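Single-structure report; data block below.
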Amino acid sequence: MTHSIKHHLDDATLIAYASGTLPEAFNLIAATHISLCDTCRANAHAYDAVGGVLLEESRTPMTEGSLAHALARLGDEVTPTLQIVQHTVTSDLPEPLRNYIGGDLDSVKWRPVGMGVKQAILSTSKGASARLLSIPAGAAMPDHGHNGKELTLVLKGAFQDADEYFARGDVEVAGKDVQHIPVADIHEDCICLAVTDAPLRFEGFLPRILQKFVRI
Amino acid sequence: MNNKPDKKNDRKSGKDHAWVDEMVRVRDNRDKQAFADLFEHFAPRIKGYLMKSGTNATIAEECAQDVMTTLWRKAGQFDPTRASVATWIFTIARNRRIDMLRRDRRPEPEELTWGPEPEPEQAHVIELQQETARLVEAISALPENQRKLIEQAYFGDMTQAEISHITGLPLGTIKSRIRLALDRLRHAMK
Ligand SMILES: [Zn+2]
Ligand SMILES: [Zn+2]
């Protein structure tokens, strides 16, 4: 059940997801969070409905004969009614994310990036990047700021950022005005999906060197 | 929710209701006349939407054709308790536009497992239509500049930062309808 989710996608992300103008990495995190969150699922439906209203009010006449052309193209082929498959395997990950990983968390190809932190970059279009991060229980991410927008979705474990606590399903939305040091909860390693549309800004000298190698 | 009769809304929901009937005839009877009626209404709107999004007229026309034949092929997936005809067509057109641009894939969320509701209940269909009508009303009542911004967000390539300045979108009624369905679902799954 999803009642415990407290931190949601921001409206700008949901509107852009509905309008189909997001970079792929943001589409992925939106689809993954909505899979876990009824509130954002309802909002996403509502934003689709706004699209429907706007569609009603755009109108450019079709050319002569377009209807006859369409009727001639109608085949007998029918896509069957949506069959919703009950997932028999319990998974840590919603389906959209599993499709990018090619399996569950145990099939992630982690690469160590130092201090026990591991990451796996997912393949998406160029406009933004998506990565899985695994942060050891109790460890802190390097202090950093943002040149763009960063969304971080907790998949396993939890992290603390200043006085906010982010658990499974929660999304942290960070923009240019945010400088932070998320710290993984002490009880277990924290696995997140993190998406950014611009490189992060690291404070320390060592992380800045590291940045060159890990493409954060 | 407020179910007071309202002539304006009734007219509008009556109109959308007509499209639901046509869509159901396409879905259940493979009715080509119903398809033709939907085509006459929606094809120019899909074309208009794509052209506002920057597609040239020839390609927009071709895509509108594709969207309408997709509607014929996927009619079995139309569920009037979940989306109005216009909303459903919008999502097909949006996805077609994304395919066309071949730039950013857009994964869909995992489907909800809906409760054991074999037949769409007429009451739910009407409820959704009323809410849609109210949304139409609310959007048309927005100040001109606000409306322009929303159109730009849906049709243009507004950045997320620009979109975040949009406030006060009237989504209340639609949200309540879907929340209700989710509550029912959760209850059924207990
Ligand atoms: Zn949410
Ligand atoms: Zn950050």
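Everything quoted here is computed from the prediction, not taken from an experiment. Chain naming here is simple, since letters A, B, ... match the order of the sequence lines and numbering starts at 1 in each.
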When the 4.5 angstrom heavy-atom criterion is applied to A:Thr32 and chain B, the contacting part is neither
Flag the one option from A:Ala44, A:Gly175, A:Gly20 with the top tally of heavy-atom pairs under 4.5 Å to chain B.
-> A:Gly20
Interface moiety of A:Leu22 toward chain B, non-hydrogen atoms closer than 4.5 Å | both
Under 4.5 Å from any heavy atom of chain A - which part of B:Phe155 = side chain
Lys/Arg-Asp/Glu bridge criterion (N-O < 4.0 Å) met for A:Glu57, A:Arg59 | no
If you count heavy-atom pairs under 4.5 Å between each of B:Met68, B:Glu108, B:Met158 and chain A, which one has the most?
-> B:Glu108
Considering residues, nucleotides and ligands other than A:Arg73, do more than 12 of their heavy atoms fall under 6.0 Å from its CZ?
-> yes
With respect to chain B, which residue among A:Leu28, A:Leu67, A:Asp10, A:Thr21 yields the maximal number of heavy-atom pairs within a distance under 4.5 Å?
-> A:Leu67
Using a cut-off of under 4.5 Å on heavy-atom pairs, state which of B:Lys52, B:Gln160, B:Met51 scores highest against chain A.
-> B:Gln160
Heavy-atom distance under 4.5 Å to chain B: side chain of A:Ala30, backbone, both or neither?
-> neither
Do the rings of A:Phe166 and A:His7 sit parallel, tilted or perpendicular, given the 30° and 60° boundaries?
-> tilted
Answer with yes or no whether the side chains of A:Lys149 and A:Thr13 bring together a donor and an acceptor at under 3.5 Å.
-> yes
Segment of B:Leu101 engaging chain A (4.5 angstrom heavy-atom cut-off) = neither
Stepwise, does the salt bridge (charged side-chain N to carboxylate O under 4.0 Å, His left out) test hold for B:Arg134 with B:Glu131?
-> CA-CA 5 Å; B:Arg134 244 170 280 155; B:Glu131 296 198 343; 5.2 Å; no
Okay, A:Pro61 and chain B: the region with an atom under 4.5 Å from a heavy atom over there is backbone
Most chain A-contacting option - heavy-atom pairs closer than 4.5 Å, from B:Trp88, B:Tyr49, B:Phe39 = B:Phe39
Basic-acidic side-chain contact under 4.0 Å: B:Arg106, A:Glu24 = no
Should the pair B:Arg30 and B:Trp72 be classed as cation-pi, given the thresholds of under 6.0 Å to the six-membered ring centre and 45° from the axis?
-> yes
Side chain, backbone, both or neither: which part of B:Thr91 has a heavy atom under 4.5 Å from chain A?
-> side chain
Criterion salt bridge (charged side-chain N to carboxylate O under 4.0 Å, His left out) on B:Arg94 and A:Asp48, from CA distance to verdict = CA-CA 10 Å; B:Arg94 170 195 67 204; A:Asp48 282 350; 2.9 Å; yes
Check each atom of A:His33 against the heavy atoms of chain B and say whether the ones under 4.5 Å are side chain, backbone, both or neither.
-> neither
Part of B:Tyr154 within contact of chain A (heavy atom distance under 4.5 Å) | both
Where on B:Ala83 is there a heavy atom nearer than 4.5 Å to chain A: the side chain, the backbone, both, or neither?
-> neither
Pair B:Asp66 + B:Arg96, salt bridge at N-O below 4.0 Å = yes
Decide whether B:Glu61 and A:Thr63 meet the rule of one side-chain donor and one side-chain acceptor closer than 3.5 Å.
-> yes
Considering only heavy atoms, which portion of A:Tyr17 lies under 4.5 Å from any heavy atom of chain B: side chain, backbone, both, or neither?
-> both
